[in-house]
Enquirer: 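Before I ask anything, let me first share the structure, which is written out below as structure tokens.
We use all heavy atoms of the structure for the numbers below, so side chains are in, but hydrogens, waters and symmetry mates are not.
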Amino acid sequence: MALIVQKYGGTSVGNPERIKNVARKVAKFQAQGHKVVVVVSAMSGETNRLIALTKEVATHPDARELDVVVSTGEQVTIGLLCMALHDIGVKAKSYTGGQVRILTDSAHTKARILNIDEAPIKKDLDEGNIVVVAGFQGVDEHGNITTLGRGGSDTTGVALAAALKADECQIYTDVDGVYTTDPRVVPEARKLDTITFEEMLELASLGSKVLQIRSVEFAGKYKVKLRVLSSFQEEGEGTLITVEEDQNMEQPVISGIAFTRDEAKLTVLGVPDKPGIAYQILGPVADANIDVDMIIQNIGHDGTTDFSFTIPRGELDKTVKVLETVRAHIGARAIEADKTMAKVSVVGVGMRSHPGVASKMFRTLAEEGINIQMISTSEIKISVVIEEKYLELAVRVLHKAFGLESA
Ligand code: ASP
Ligand code: MG
């Protein structure tokens, strides 16, 4: 007998029929002798609808009240799922985040979980209940309702699994696992049986939206066995996210290719080459809450240098405004904005032991005449910034070059 936490996302509980389907799935697990805790998201589209409502009544909705509103989506689903379970003769009990006492800090709309009181859940499980917990929400020390950020139900699932010392945390979603890349771009993309936490973290932060990044961090930290599976298929092992040391098989060099569109590149030309300049440029950008990604400073010539960085494209106008002030202040020559950039990254722990990944990546792109504008690397990742129009081509040729279509 195992203790399993199962998380079902918005699409999986998107309408009453699907909720009944989840009830049947969950009941089946329990019938096999397992103890099951279920975490659910709001029905698909619901969180967006609630956020839109708040914007109709206020230009800048208060963060505390925003959490009061958006946390209701999940409350609906937990009640409905329990009713559906009762309807097929299964004992079930629902809990909101506050009722479990998923204690968080007070950072409304992006709160972090501090502690979970698992005792009541354990008692309910021992009494034969399926316990259904609202994802995405918690309560701070003053009793205020908090939410964990978009996609936060994944983190609720993992945190509960950690607190309950569950045997596995299963994330049921609308895809049947983690893929080598987005199958919409590369039809030959392959589902991975396993991937390491580190790789998953890179892929999640690089725009592969299967799991909320914080949930992956959490699972890695507390060694929660995490699995991604489809809620619409009866069979299938999904993708298991593992601790690297657990794997005795030879690792492929590259596990996946992630990409993001909608990037923009800014260059400050003719910046005086002296200490403090990077701070003077990026300080105001950070103060304006603009998320900077890749940064490059060239070697100086004649006392000046060029300074480039990338940002989300939607922030371009705002950033240019900030930079205009900075430019005047530091005496830089000009600002150049390039708004149709994309980023492609190859990720794999095998990179540590296999040299030549970067050169293979660059050669592959060169053969297609794709110009690389910026490069950044980590121990298990190489990212390049290219023109967006070459993005799909780049992903396809790299997928092939690294042999990702065959196991
Ligand atoms: N319902 C929340 C959202 O849409 C949380 C989640 O689904 O994980 O972001
Ligand atoms: Mg989600």
Enquirer: For the residue pair T147 and H108, confirm or rule out a side-chain donor-acceptor distance under 3.5 Å.
Expert: no

Enquirer: Counting distance only, does the side-chain N/O of T109 pair as donor-acceptor with the main-chain N or O of A63 below 3.5 Å?
Expert: no

Enquirer: For the pair L240 and K225, evaluate side chain to side chain contact (heavy atoms under 4.5 Å, CB included) and give the outcome as yes or no after the intermediate values.
Expert: CA-CA 8 Å; L240 181 67; K225 200 168 160 200; 3.8 Å; yes

Enquirer: NZ of K339: more than 12 outside heavy atoms within 6.0 angstrom?
Expert: no

Enquirer: I'd like to know if the side chain of K91 reaches the main chain of H86, judged simply by a donor and an acceptor atom lying under 3.5 Å from each other, with no hydrogens or angles considered.
Expert: no

Enquirer: Kindly say whether R184 contributes a backbone atom to a donor-acceptor pair with the side chain of D182 at under 3.5 angstrom?
Expert: yes

Enquirer: Going by side-chain contact (heavy atoms from CB on, under 4.5 Å), L398 matches just one of M361, K360, E368. Which one?
Expert: M361

Enquirer: Would you say the side-chain atoms of T310 pair up with the backbone N or O of K265, donor to acceptor, closer than 3.5 Å?
Expert: no

Enquirer: Whether K381 and E198 form a salt bridge (side-chain N of Lys/Arg under 4.0 Å from carboxylate O of Asp/Glu) is what I want to check.
Expert: no

Enquirer: Does the side chain to side chain contact (heavy atoms under 4.5 Å, CB included) test come out yes or no for E202 and S345, once each step is laid out?
Expert: CA-CA 9 Å; E202 289 285 3; S345 312; over 6 Å; no

Enquirer: Taking R227 for its side chain and E237 for its backbone only, find out whether a donor-acceptor pair lies under 3.5 Å.
Expert: yes

Enquirer: With side chains defined as the heavy atoms from C-beta onward, is the minimum distance between V385 and M294 less than 4.5 Å?
Expert: yes

Enquirer: Is any side-chain N of the basic residue among D193 and K191 closer than 4.0 Å to the acidic one's carboxylate O?
Expert: yes

Enquirer: Of the non-hydrogen atoms in A134 and E74, which two are nearest, and what is the gap between them?
Expert: CB-CB, 3.8 Å

Enquirer: Taking 4.0 angstrom as the limit, do D262 and R313 come out as a salt bridge?
Expert: yes

Enquirer: Indicate yes or no for a side-chain donor-acceptor contact from S215 to the backbone of L211 under 3.5 Å, with no hydrogens or angles considered.
Expert: no

Enquirer: For a quick test of reading the model, state the closest non-hydrogen atom pair linking L66 to P61 and the distance between them.
Expert: CD1-CB, 4.2 Å

Enquirer: First locate atom CD of E141, then atom OG1 of T104, and finally report the distance between them rounded to the nearest 0.5 Å.
Expert: 9.5 Å

Enquirer: With heavy-atom distances below 4.5 Å as the criterion, would you say the side chains of I130 and V38 are in contact?
Expert: yes

Enquirer: Which distance, rounded to the nearest 0.5 Å, do you find between the CG of L103 and the OG1 of T146?
Expert: 8.5 Å

Enquirer: Could you check whether the rings of Y8 and Y172 sit parallel, tilted or perpendicular, using 30° and 60° as the cut-offs?
Expert: parallel

Enquirer: D87 and K20: salt bridge (charged side-chain N to carboxylate O under 4.0 Å, His left out), yes or no, with the steps?
Expert: CA-CA 9 Å; D87 214 50; K20 289 203 253 178; over 6 Å; no

Enquirer: Side chains of T96 and Q75: is there a donor and an acceptor less than 3.5 Å apart?
Expert: no

Enquirer: I'd like to know if E324 pairs up with K321 as an ion pair, taking the criterion as any Lys NZ or Arg NE/NH1/NH2 lying under 4.0 Å from an Asp or Glu carboxylate oxygen.
Expert: no

Enquirer: So which of T364, T181, T180 actually passes side chain to side chain donor-acceptor pair (under 3.5 Å) with H399?
Expert: T180

Enquirer: Taking the side chain as everything from C-beta on, heavy atoms only, tell me whether V346 gets closer than 4.5 Å to V357.
Expert: yes

Enquirer: Minimum heavy-atom separation for A342 to E388, with atom names?
Expert: CB-CA, 3.8 Å

Enquirer: For A111 versus L148, what's the shortest heavy-atom pair and its separation?
Expert: O-CD2, 3.4 Å

Enquirer: Output the distance between atom OG1 (T242) and atom NZ (K223), rounded to the nearest 0.5 Å.
Expert: 11.0 Å

Enquirer: To the nearest 0.5 Å, how far apart are CD1 in I386 and CD1 in I375?
Expert: 12.0 Å

Enquirer: How long is the gap from CG on L192 to CD on E199, to the nearest 0.5 Å?
Expert: 8.0 Å

Enquirer: Say whether, by atom type as modelled, one donor and one acceptor occur between the side chain of H329 and the main chain of T325 under 3.5 angstrom.
Expert: no

Enquirer: Check step by step if side chain to side chain contact (heavy atoms under 4.5 Å, CB included) holds for L3 and L164.
Expert: CA-CA 8 Å; L3 172 56; L164 292 161; 3.9 Å; yes

Enquirer: Ignoring hydrogens and geometry, is there a side-chain-to-backbone donor-acceptor pair from T72 to V68 under 3.5 Å?
Expert: no

Enquirer: So L80 and M43, side chain to side chain contact (heavy atoms under 4.5 Å, CB included) or not? Walk me through it.
Expert: CA-CA 11 Å; L80 291 177; M43 294 165 78; 4.2 Å; yes

Enquirer: Any Lys/Arg nitrogen of R190 or E405 sitting under 4.0 Å from an Asp/Glu carboxylate oxygen of the other?
Expert: no

Enquirer: Distance to the ring centre below 6.0 angstrom and angle to the axis at most 45 degrees; does that hold for K343 and F259?
Expert: no

Enquirer: With a 4.5 Å limit on heavy-atom distance, are the side chains of V13 and R18 in contact?
Expert: no

Enquirer: Would you please say whether a donor-acceptor pair under 3.5 Å links the side chains of S231 and S12?
Expert: yes

Enquirer: Are there over 12 heavy-atom neighbours, none belonging to E235, within less than 6.0 Å of that residue's CD?
Expert: no

Enquirer: With a cut-off of 6.0 Å (strictly less than), are more than 12 heavy atoms of other residues, nucleotides or ligands near NZ of K274?
Expert: no

Enquirer: Check whether any side-chain heavy atom of L125 sits under 4.5 Å from a side-chain heavy atom of V37, and report yes or no.
Expert: yes

Enquirer: In plain terms, say whether E217 and R214 are close enough for a salt bridge, that is, a side-chain N and a carboxylate O under 4.0 Å apart.
Expert: no

Enquirer: N298 and T305: which non-hydrogen atoms are nearest, and at how many Å?
Expert: O-OG1, 2.6 Å

Enquirer: Quick one: does T156's side chain have a donor or acceptor within less than 3.5 Å of a partner on F136's backbone?
Expert: yes

Enquirer: Answer with yes or no whether the side chains of E263 and T260 bring together a donor and an acceptor at under 3.5 Å.
Expert: yes

Enquirer: Do D124 and K93 meet the salt-bridge criterion of a basic N to acidic O distance under 4.0 Å?
Expert: yes

Enquirer: Compare every heavy atom of V326 with every heavy atom of P284, then report the nearest pair and how far apart it is.
Expert: CG-CG2, 3.7 Å

Enquirer: Between the side chains of S106 and D140, does any donor sit under 3.5 Å from an acceptor?
Expert: yes

Enquirer: Which distance, rounded to the nearest 0.5 Å, do you find between the CD of Q233 and the CG of D176?
Expert: 4.5 Å

Enquirer: Evaluate side chain to side chain donor-acceptor pair (under 3.5 Å) for Y390 paired with N371, printing each intermediate quantity in order.
Expert: CA-CA 9 Å; Y390 295 122; N371 188 29; over 6 Å; no

Enquirer: Answer whether the closest heavy-atom distance between the side chains of T267 and F307 falls below 4.5 Å.
Expert: no

Enquirer: Quick check against the 3.5 Å criterion: does Q212 have a side-chain atom that pairs as donor or acceptor with the backbone of R150?
Expert: yes

Enquirer: Could you check whether atom NZ of K122 has more than 12 heavy atoms from other residues, nucleotides or ligands sitting under 6.0 Å from it?
Expert: yes

Enquirer: Would you sort out whether R49 and E46 count as a salt bridge (charged side-chain N to carboxylate O under 4.0 Å, His left out), showing the intermediate values?
Expert: CA-CA 5 Å; R49 188 184 73 86; E46 184 60 13; 2.9 Å; yes

Enquirer: Any non-hydrogen side-chain atom of C169 less than 4.5 Å from a side-chain atom of K7?
Expert: no

Enquirer: Can you find a heavy atom in the side chain of V178 that is under 4.5 Å from one in the side chain of M200?
Expert: yes

